[in-house]
Each structure stands twice: as C-alpha cells, then as structure tokens.
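Reviewing the structure listed below.
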Amino acid sequence: AKKQGRGRWALFDVSMREAAIDALVMQNALKQALANDEFSVVYQPIYSTLTDEICGAEVLVRWLHPVLGPVSPDRFITVAEDIGVIHELGSWVMHKGCAELQRWKAAFPELELHLNVNVSGVELNRTGYVSQIKDILAQTGIDAHDLQVEITESVFLHQPETIAQVLEGIRELGVRIALDDFGTGYSALGYIDRYPIDAIKIDQSFVSRMMAYHRSDAIVRSILSLGRALNIDITAEGVETLPQLLRLREMECPFVQGFLLSRPVNAEKIMILLQCQKTK
Ligand code: C2E
Ligand code: CA
Ligand code: CA
Ligand code: CA
C-alpha cells in the first residue's frame, strides 16, 4: 500500500475515519458541539447576472470536532434533526447570519443584500418557529424582506397541513421562501402550485449536466420560463464553469451561485468582495 504514495494513504485514512464515526459517537459529540463552540458558518455569495454583482449570500454551517475533524453538514444535519439539536443549531445559524448581514448593510448601505438560510422540516414543525424568526429579525435589525428561508421538497412529506400554516406565517412576516434543490424531488410542480413559494434554486445536478445533455439544458430553460410566468425568482446552483455561466446568462437566469464565482467563504471575505466590487 505504501507504493501508492502519500495521496492514497491520506484518502484511505479519511475513509477509515469517516467509517469510524458511528451514529452514537456523532450524537454525543453533536450534543456538546454548540456549548463547545465547535460550529462556525461560511457564506457563499449569490450573484445577479444582470449586474454581475453580489446581491446576497447563503449561510452554510460548518462543524469542526477536535477529534473527529471537520464533519460535512450532509452527514450531521440529519443526526442533529434526530436528536433535536437542530432547533438550537438552526436558530444560532440564523441569528449569526442576520447579525452579519446587518454589518454588511451598515458598511454598504447602497446595496440591496439578502441572506439565505437553510431550514429543515423538523425546525418548521416546532411550535413557535415563526415567532423565533420574528425575534431574530428584531434582535438583529434585519428587514424581513431581506431574509429568505430555503426549504427542500422533503419538508412536505410529513404533516403537510402544519407545514403549510407555518410557511404562511413566515410569509406574513415578510420573509421569503425558496425551494432548494429544485427538480430532484417527486412532485415539485405540485408544491409551487399549492404553497407560497417566492424563489426556486435549480439543483446543481441539472447545471452540471447542462452543457453535455440537451435534455438537461431544456429542463433548465423550462424552469426559467416557469419562473418568469409565475413571478418566481430563479437561482442556478453549482455553477462551476464559464460555459455554464454564459449559457445561464443567455437563458436570462437572474441569479447564479457556485464555485466558479466563489466558494463559501468567511464573513470577512464577503466584506472584502463587496469592497472590491465597489471600487471596481
Ligand atoms: P445546499 O443547501 O444545497 O447547499 C449547497 C451545497 O453545495 C453546499 O455544501 C455548498 O458548499 C455546495 N456548493 C456550492 N457551490 C458549489 C459548486 O459550484 N459545486 C459543488 N460541487 N458544490 C457546490 P455544504 O456546505 O457542504 O452543505 C451541504 C448541505 O447541508 C446543504 O445543501 C444543506 O442542505 C445542508 N446545510 C448546510 N448548512 C445548513 C444549515 O445551517 N442548516 C440546515 N438545515 N442545513 C444546512
Ligand atoms: Ca441551500
Ligand atoms: Ca441546493
Ligand atoms: Ca443539497
């Protein structure tokens, strides 16, 4: 195995480590993570294709455990949901993001910036969730219209009536609702027909296939025309190449997000990007 070189060893170590983190270890670690200050957040800018400028950012949580190392949210969010940690974590992320948005707005009052926060179905289902958002907005001084909650179609799988009420409540505050990972679920069209959806994020799987497959390109084009017909804002996620960006602009996709434009970065870096944009 030594002959395979250092890279291979590293890869092997990582997968071993990952496998070693069993559910119970992760659960116990997660329970203490907030108190131990192990979470942080990063922000991925969202760009307008009309102005080529940053018009907002999506806040993404990061977890660095002292022994387990960095754990991806794709792995720990569901565990956090199972053990109920998601409520405290979600509220911490939203509060942190809104406070940061307030700093950006204070530094660049001429910009219209918004913040996107991922919210899980478990959070929506908890009594008092709408007033929790209201409190965070009041505490951070953020205008409800500048906050967008991102939900996935999976939130509708359990207690759709409750979810519908909570979404109405969120919308009454003035907070906008975005449907994340659009196109990957089952009856996406039914949801935008029945629920108060303001925005759609086209899943990165379509964007990554778009240049190679005519069908994927046609699907993206159809989602965009649907968005225009229903007055729903569309963001294309996972834009990684220039041809993808140019094609999306050609199709008049209003918002784009992805590694080509910027990876998720810390709050200070967003401040710097906004500053660079101003002096450009
Ligand atoms: P998501 O909401 O679909 O977020 C987009 C994910 O794609 C992020 O991964 C982001 O880093 C990544 N990404 C962005 N641009 C590109 C690109 O151009 N190419 C590729 N390959 N990937 C890109 P991340 O941060 O690991 O988050 C994974 C998922 O974890 C998120 O998917 C979201 O569902 C969940 N998540 C993250 N933060 C939170 C949170 O605070 N609360 C909740 N409930 N879920 C969260
Ligand atoms: Ca998202
Ligand atoms: Ca997504
Ligand atoms: Ca996702």
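Every number for a ligand or one of its atoms is a count from 1 in the order of the listing.
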Regarding D181 and K201, does a basic nitrogen lie under 4.0 Å from an acidic carboxylate oxygen? no
With a distance cut-off below 6.0 Å to the six-membered ring centre and an angular limit of 45° from the axis, does R215 pair with Y213 as a cation-pi contact? no
For E168, is there an ion pair with R171 - N to carboxylate O distance below 4.0 angstrom? no
Tell me which one of V42, V61, I151 gets a heavy atom nearest to atom 38 (N) of ligand 1. V61
Once the angle between the rings of W63 and F76 is folded into 0 to 90°, is it parallel (under 30°), tilted (30 to 60°) or perpendicular (over 60°)? perpendicular
Close-contact set for ligand 1 against P264 heavy atoms, below 4.0 Å: 11 (O)
Taking backbone and side chain together, does N116 place any N/O/S atom at a distance below 3.0 Å from the Ca ion (ligand 2)? no
Closest by any non-hydrogen atom to atom 21 (N) of ligand 1: pick that one out of E240, Q44, E150, K201. E240
In ligand 1, which numbered atoms sit nearer than 4.0 Å to a non-hydrogen atom of G238? 16 (C), 17 (C), 18 (O)
Please work out, at 4.0 Å between heavy atoms, whether the side chain, the backbone, both, or neither of E58 comes within that distance of ligand 1. side chain
Report the member of N118, T152, D74 with the shortest heavy-atom distance to atom 43 (C) of ligand 1. N118
Number the atoms of ligand 1 from 1 as they appear, then name those within less than 4.0 Å of a heavy atom of G258, with their elements. 15 (N), 18 (O)
Opening angle between OE2 in E58 and OD2 in D180, taken at the Ca ion (ligand 2), to 10 degrees: 180°
As an exercise, identify every atom of ligand 1 less than 4.0 angstrom from a heavy atom of V93. 41 (O)
Heavy-atom distance under 4.5 Å between the side chains of M94 and V59, does that happen here? no
Does R62 reach ligand 1 with a nitrogen or oxygen that is under 3.5 Å from one of the ligand's nitrogen or oxygen atoms? yes
Return the orientation label for the F255 and H114 ring planes: parallel under 30°, perpendicular over 60°, tilted otherwise. perpendicular
Within 6.0 angstrom of L50 CG, more than 12 heavy atoms from elsewhere: no
Enumerate the atoms of ligand 1 whose separation from the nearest heavy atom of V239 is less than 4.0 angstrom. 18 (O)
Would you mind running through ligand 1 and noting each atom that sits below 4.0 Å from a heavy atom of D181? 3 (O)
Within 45° of the six-membered ring axis of Y129 and under 6.0 Å from that ring's centre, is NZ or CZ of R126 located there? no
Residue part near ligand 1, for E237, under 4.0 Å between non-hydrogen atoms: side chain
Below 3.5 Å, N or O to N or O, backbone or side chain included: is there any such pair between S72 and ligand 1? no
Aromatic ring centroids of Y191 and F156 under 6.0 Å? yes
What's the atom name of the N, O or S in E150 nearest to the Ca ion (ligand 2)? OE1
Flag the pair K31 and E88 as a salt bridge only when some basic side-chain nitrogen lies within less than 4.0 angstrom of an acidic carboxylate oxygen. no
How about NZ on K105, more than 12 heavy atoms from neighbouring residues, nucleotides or ligands closer than 6.0 Å, or not? yes
Before signing off on this row, confirm whether F259 and ligand 1 have an N or O atom pair separated by under 3.5 Å. yes
Shortest-distance N/O/S atom, D181 versus the Ca ion (ligand 3): OD1
